[in-house]
Structures are given as structure tokens and as C-alpha cells.
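Residue numbers count from 1 along this sequence. When reading the values below, keep in mind they use all heavy atoms of this one structure, side chains included, and skip hydrogens, waters and symmetry mates.
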Amino acid sequence: MRLELDLANHRPIGAPAMPTGTEIVPFDDAFDAKLLAARNAIFTDNWGSAPMTARTWRHTITASPCYRPESSFLLLSERNQETLCYLLCTELTDTCTDRVYLANAGTQPALHGKGLYRAVFTHTLARAREQGYRWAVLDVDATNPMAAGGFYERMGLRRFRTWTTHVLSDVR
């Protein structure tokens, strides 16, 4: 899915009011270990997801050359700095710098449906626009149990390609 960020007639996406006692902060390495723990807790019950080790997390996410910490944001509780929600961004390649890829996102399961991710999402898109990105791009699993595709469509993103993955369910 994708959204053109620099359209002159683009309708801004409204952000919900921030819950009391929370703040959106840019990613910083100081949050890395807590963010990994939050990611593993958030995805515990997601089909096909496995806990990530610190080494794998750093190698594939926060130390990747494509990772863009200045475009990645966390929603933290102000009191104990717990990660409530996050959205991490990358650039797809070194030569494709007009697109920010919304690569890794999650919300604590007990907080789903409260507008937290929408707040982080709208904040991230506003910053991406300020940073000069022309497009926001992401992948969505059509069978996502949180109906993520519908959320992104309501936020203005549109499908521009689809693919199918076939999985052999019983190997003997």
C-alpha cells in the first residue's frame, strides 16, 4: 500500500488526542532493549511470528543500513517509559530515497482500538512529509487479524500491487 505525501490537495490525516500520561518520542538507541521486549510481547500470538533475539533485532531492524531512526517513533508512558506503541521506518534501498517504508509497527494488545497507533502513524507521516519523502509505503497481510488493511485504507493509503505466498501446511 502507498500514500503520496506531497500532494498539494492532500487532505491531512487527523491525529487523535494523545492519552494523558503518554508522549511520542523519536527512536533512540537508549530505547532499543525495551522496544525489542515490547515487540516480542506484542507479537506473541501472531501467526508466523517468533520472538527475536537482541542480535537478530539489531542486525535486521535497528542497526540495518536502511533503518531511519529519525523517521521512527514510539509512544511511551511518561511515568515508566513503557513502549505502548511504535512505528519504525526504513528506506527500501540506497537509491530510492523518496519513499519511506513503514516497516515495523505494533501496539500493546490490551491497548488496541484506543487510537494510539493512529496517533503514532499520523505523527510519523507528518514528519516524513517534513523530511522530504514523497511516498509512504508499507506491506499488509490480507489475513491480518487486526484488519490492518482497512485501517490503512481509512488513512488514505491505496493498494498498488498484491502477491500471494503459498505455504505447504503438512510436510511428511
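Counting only distance, with no hydrogens or angles, the side chain of Arg129 and the backbone of Leu5 share a donor-acceptor pair below 3.5 Å. Side-chain N or O atoms of Arg158 include one that pairs as donor or acceptor with a backbone N or O of Glu153 at under 3.5 Å. The backbone N or O of Asp45 lies less than 3.5 Å from no partner atom in the side chain of Ser49, so there is not a single donor-acceptor pair. A donor-acceptor pair under 3.5 Å links the side-chain atoms of Thr22 to the main chain of Pro19, judged by distance alone. Checking side-chain atoms of Gln108 against main-chain N and O of Thr83 turns up a donor-acceptor pair under 3.5 Å.
In the hydrophobic cluster analysis, where Ile, Leu, Val, Met, Phe, Trp and Tyr join through side-chain heavy atoms closer than 4.5 angstrom, Ile61 is grouped together with Val25. Cluster membership check: Met1 shares its hydrophobic cluster with Leu125, using side-chain heavy-atom separations under 4.5 Å among Ile, Leu, Val, Met, Phe, Trp and Tyr.
A 4.5 Å side-chain heavy-atom check between Lys34 and Glu82 finds every atom pair outside the cut-off. A 4.5 Å side-chain heavy-atom check between Leu88 and Leu35 finds at least one atom pair inside the cut-off. Under the 4.5 Å side-chain criterion, counting only non-hydrogen atoms from C-beta, Thr124 is not in contact with Phe121. Annotation: side chain of Val100 is not in contact with side chain of Trp135 (no heavy-atom distance under 4.5 Å). You'll find the side chain of Asp32 reaches within 4.5 Å of the side chain of Arg58, heavy atoms only.
Here the CG-CD distance, from Leu76 to Glu78, works out to 9.0 Å after rounding to the nearest 0.5 Å. Taking OG of Ser64 as the start and CD of Glu91 as the end, the distance is 10.5 Å to the nearest 0.5 Å. Rounded to the nearest 0.5 Å, atoms CG (Leu116) and CG (Leu84) are 6.5 Å apart. The CG atom of Leu74 lies 10.0 Å from the CD atom of Gln81; values are rounded to the nearest 0.5 Å. Rounded to the nearest 0.5 angstrom, Arg2 CZ and Asp139 CG are separated by 12.5 Å. Rounding to the nearest 0.5 angstrom, the gap separating the NE2 atom in His112 from the CD1 atom in Ile42 is 7.0 Å.
Closest approach of Gly156 to Leu3, counting heavy atoms only: O-CD1, 3.3 Å. When every heavy atom of Val120 is checked against every heavy atom of Phe73, the shortest pair comes out as CG1-O, 3.8 Å. Minimum interatomic distance between Met52 and Trp57 (heavy atoms only, all atoms of both residues): SD-CE3, 3.7 Å. Among all heavy-atom pairs drawn from Gln131 and Ser71, the shortest one is OE1-OG, 2.6 Å. Here the closest heavy-atom approach between residue Thr107 and residue Cys85 is recorded as OG1-SG, 3.3 Å. Leu87 and Ala105 make their closest contact through CD1-CB, 3.7 Å (heavy atoms, listed as atom of the first residue, atom of the second, distance).
Taking the six-membered ring where the residue is Trp, the centroids of Tyr67 and Phe27 are separated by under 6.0 Å.
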For the pair Glu70 and Arg127, evaluate side-chain contact (heavy atoms from CB on, under 4.5 Å) and give the outcome as yes or no after the intermediate values. CA-CA 9 Å; Glu70 68 280 1; Arg127 289 288 302 152; 5.8 Å; no

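In this structure, Tyr117 and Phe151 have tilted ring planes: the angle between them lies in the 30° to 60° band.
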